[in-house]
Amino acid sequence: QVQVMESGGGSVQSGGSLRLSCAASEPIFATGYLAWFRQAPGKEREGVAAIRPRDDTTYYADSVKGRFTASKDNTKKTVYLQMDNLQPEDTAVYYCAADHLNSGASPLVDRYFLFWGQGTQVTVSS
């Protein structure tokens with residue numbers, strides 16, 4: 001049974017920073033992808049960032065490039081999403097997802113992921 005466990009989130013003012021953590025069990029951490037998605041009220045879930053831990057390849061949505069950074073800690077089997085210069089439009093429930101992806105599948109598309117965390121709220125006030 002693959003487990004995906006998130007932590008972090010909270011409330012900050014515009015321009016502030018938060019860090020999300022996501023721990024995933026093997027073998028997905030070693031050989032798969034871990035991704036962050038978010039869903040704001042009344043909007044569809046969207047891919048934010050992803051990382052392939054085996055070679056540190058990262059992927060970012062255009063809306064967060066230059067502000068969000070995905071990283072990993074192999075010892076803890078944990079990936080992180082450092083979110084800087086947060087803006088009110090970043091307010092959403094953030095989810096971590098993990099899975100192996102077939103060749104050509106985008107790690108920023110939610111339908112390719114089977115294993116999900118419980119979600120954590122990020123609120124940015126102006």
Side-chain angles (χ1 to χ4, degrees):
Q1 179 73 19
V2 175
Q3 292 185 326
V4 180
M5 293 178 290
E6 301 169 12
S7 60
S11 298
V12 294
Q13 292 190 327
S14 180
S17 298
L18 286 172
R19 189 178 79 161
L20 306 180
S21 301
C22 176
S25 56
E26 297 289 12
I28 283 183
F29 185 87
T31 60
Y33 292 78
L34 285 94
W36 297 94
F37 295 85
R38 67 185 181 187
Q39 188 166 22
K43 295 187 176 181
E44 292 187 353
R45 188 162 56 190
E46 63 172 345
V48 175
I51 185 168
R52 188 169 62 193
R54 69 177 183 269
D55 61 5
D56 290 327
T57 301
T58 53
Y59 309 80
Y60 298 100
D62 288 343
S63 58
V64 306
K65 282 181 181 177
R67 300 189 299 123
F68 290 13
T69 304
S71 63
K72 66 167 186 183
D73 183 327
N74 286 334
T75 301
K76 297 180 179 179
K77 301 292 187 285
T78 299
V79 298
Y80 303 98
L81 185 65
Q82 178 66 39
M83 305 184 292
D84 297 320
N85 191 22
L86 283 161
Q87 301 300 313
E89 53 266 33
D90 295 316
T91 295
V93 177
Y94 283 69
Y95 298 91
C96 181
D99 213 332
H100 295 100
L101 269 60
N102 292 327
S103 177
S106 169
L108 296 181
V109 175
D110 58 0
R111 68 176 182 268
Y112 295 125
F113 288 85
L114 180 61
F115 305 104
W116 291 80
Q118 76 282 4
T120 185
Q121 178 70 44
V122 172
T123 302
V124 185
S125 57
S126 58

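For this chain, numbers begin at 1 and follow the sequence in order.
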Could you report the tightest heavy-atom contact between [X] and [Y], atom names first, then the distance?
| X | Y | value |
| --- | --- | --- |
| T31 | P27 | OG1-O, 2.9 Å |
| S125 | P88 | C-CG, 4.4 Å |
| F113 | A35 | CZ-CB, 3.6 Å |
| D90 | Y94 | O-OH, 2.6 Å |
| A50 | A70 | O-CB, 4.3 Å |
| G9 | T120 | CA-OG1, 3.8 Å |

Would you say [X] has more than 12 foreign heavy atoms packed within less than 6.0 Å of its [atom1]?
| X | atom1 | answer |
| --- | --- | --- |
| E44 | CD | no |
| N102 | CG | no |
| Q13 | CD | no |

Hey, quick one: are [X] and [Y] part of the same hydrophobic cluster, counting side-chain heavy atoms closer than 4.5 Å, chains of contacts allowed?
| X | Y | result |
| --- | --- | --- |
| M83 | V48 | yes |
| V4 | I28 | yes |
| F68 | V12 | yes |
| L101 | F37 | yes |

Quick one: [atom1] on [X] to [atom2] on [Y], what's the gap to the nearest 0.5 Å?
| X | Y | atom1 | atom2 | value |
| --- | --- | --- | --- | --- |
| Q82 | L18 | CD | CG | 8.5 Å |
| S17 | L86 | OG | CG | 6.0 Å |
| K72 | T78 | NZ | OG1 | 12.0 Å |
| Y59 | Y33 | OH | OH | 4.0 Å |
| T58 | I51 | OG1 | CD1 | 6.5 Å |
| M5 | S21 | CE | OG | 11.5 Å |

Quick one: does any side-chain atom of [X] pair with a main-chain N or O of [Y] as donor and acceptor, under 3.5 Å?
| X | Y | value |
| --- | --- | --- |
| D73 | T75 | yes |
| T91 | V124 | yes |
| R67 | N85 | yes |
| E6 | G119 | yes |

Can you list every pair that meets side chain to side chain donor-acceptor pair (under 3.5 Å) and has a residue in residues 106-119, with sequence neighbours left out?
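Only R45-D110 qualify under side chain to side chain donor-acceptor pair (under 3.5 Å).
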Sub-4.5 Å side-chain heavy-atom contact between [X] and [Y]:
| X | Y | result |
| --- | --- | --- |
| V122 | L20 | yes |
| F29 | N74 | yes |
| K77 | S25 | no |
| T69 | Y60 | yes |

